[in-house]
Each structure stands twice: as C-alpha cells, then as structure tokens.
Amino acid sequence: MQTIKNERVIYVDVDETLVHHHATGWDRIEVICPLSYDRISLEPNRNMIRLVKEEKARGAFIIVHSAGGYAWAEAVITAVGLTSCIGLILSKPTAYFDDKEASEWMGRRVYISAD
C-alpha cells in the first residue's frame, strides 16, 4: 500500500491538456508510442507545463493520468521534461467509488490554453 503524505494533491491529464495532437507549429515534440512504436508528433502546452512546475514548487503532489494508459503518460512526461515534478503516473481512472458526486469534493477544473 502506498500512502501519499500530502494534503495538496493535483491530478493532471495528458492528452489535450499537457500536449495537443494537432502539432503543426515549430514547437513540437516527437514521442514514441510505447504500444505501436510509432512516432507521434505533439505540441506541448507550455502554459500547463509551467503551471505543473509552479504547483510542484509550491509543494503539491502531482499525479498524471491518461486514457492512453500509464506507459503513454510516462512517455509524454519524459518528452516534455516533467519527470522531476511528477509523483505518480496512472492510467485514467475508469470509475470512482464515493457517496458524493465528484463535483462536491473535486474542486475546480483548471486549464490554460496553449494560445
């Protein structure tokens, strides 16, 4: 069992949050898909990457998740240079068990566009 001893836990999604799949600009990165070994061209969302770094510096425990799975999330985190900021990498949760709706306890959604 792992206990996260931090009262400030932040969950961060990968696709279309930290990176965008419509990479057309000069600021793109190549990530090798851990399942197919294809090279995927992505555009980092530098604003969200900066926010993750700032939250880590403020003492937050950062959990990254992706519907693409933990291996994809790990590959992207490495490519965008966030490995030192991330405490845990997971596949995106498929369910949660709680007596309350997530909106009652999750807090606010935070997103800064890449524009």
Side-chain angles (χ1 to χ4, degrees):
M1 177 171 70
Q2 180 179 358
T3 301
I4 298 169
K5 296 179 180 179
N6 190 320
E7 298 302 323
R8 194 173 145 90
V9 178
I10 296 175
Y11 289 82
V12 180
D13 182 43
V14 171
D15 297 299
E16 307 310 320
T17 302
L18 291 177
V19 294
H20 295 285
H21 287 265
H22 63 274
T24 57
W26 60 270
D27 187 27
R28 44 186 180 134
I29 59 172
E30 297 284 325
V31 176
I32 296 177
C33 177
L35 299 175
S36 67
Y37 300 106
D38 292 336
R39 290 185 167 275
I40 310 292
S41 185
L42 302 169
E43 184 176 332
N45 182 341
R46 299 287 178 200
N47 293 327
M48 288 302 295
I49 292 166
R50 183 184 71 247
L51 181 59
V52 168
K53 290 177 179 178
E54 290 171 358
E55 291 296 336
K56 174 64 178 174
R58 291 182 186 113
F61 186 90
I62 310 292
I63 298 174
V64 172
H65 60 84
S66 176
Y70 65 86
W72 171 249
E74 186 175 41
V76 171
I77 292 306
T78 300
V80 299
L82 283 176
T83 54
S84 65
C85 296
I86 307 307
L88 190 62
I89 296 175
L90 309 167
S91 293
K92 191 168 223 165
T94 57
Y96 72 98
F97 299 180
D98 199 311
D99 64 311
K100 296 182 180 182
E101 292 291 330
S103 61
E104 293 181 50
W105 57 267
M106 177 83 54
R108 69 189 194 290
R109 173 184 165 263
V110 177
Y111 177 76
I112 304 170
S113 72
D115 302 341

Holding to side-chain contact (heavy atoms from CB on, under 4.5 Å), I want the full list of residues that pass it with [X], two or more places apart in sequence or in another chain.
X: R39; value: E30, I32
X: K5; value: T3
X: V110; value: L51, R108
X: Y96; value: D98, E101, A102, W105

Do [X] and [Y] share a hydrophobic cluster (ILVMFWY, side-chain heavy atoms under 4.5 Å, transitive)?
X: V80; Y: L88; result: no
X: V64; Y: I10; result: yes
X: I77; Y: V9; result: no

Margin query: Take a 6.0 Å sphere around CD of E7 and say whether it holds more than 12 heavy atoms from other residues, nucleotides or ligands.
Written below: no
Checklist line | All salt bridge (charged side-chain N to carboxylate O under 4.0 Å, His left out) counterparts of K92, not counting sequence neighbours | finding: D13
Check: salt bridge (charged side-chain N to carboxylate O under 4.0 Å, His left out) with D27: which residues, sequence neighbours excluded?
Finding: R46
Check: Given N45 and T17, is the side chain to side chain donor-acceptor pair (under 3.5 Å) satisfied, shown in steps?
Finding: CA-CA 7 Å; N45 182 341; T17 302; over 6 Å; no
Notebook entry, point to check: Heavy-atom distance under 4.5 Å between the side chains of M106 and K100, does that happen here?
Noted result: no
Checklist line | Pairwise side-chain contact, V52 with I86, heavy-atom cut-off 4.5 Å (strictly under) | finding: yes
Margin query: Students often mix this up, so state it plainly: with edges at 30° and 60°, are the rings of Y11 and H65 parallel, tilted or perpendicular?
Written below: tilted
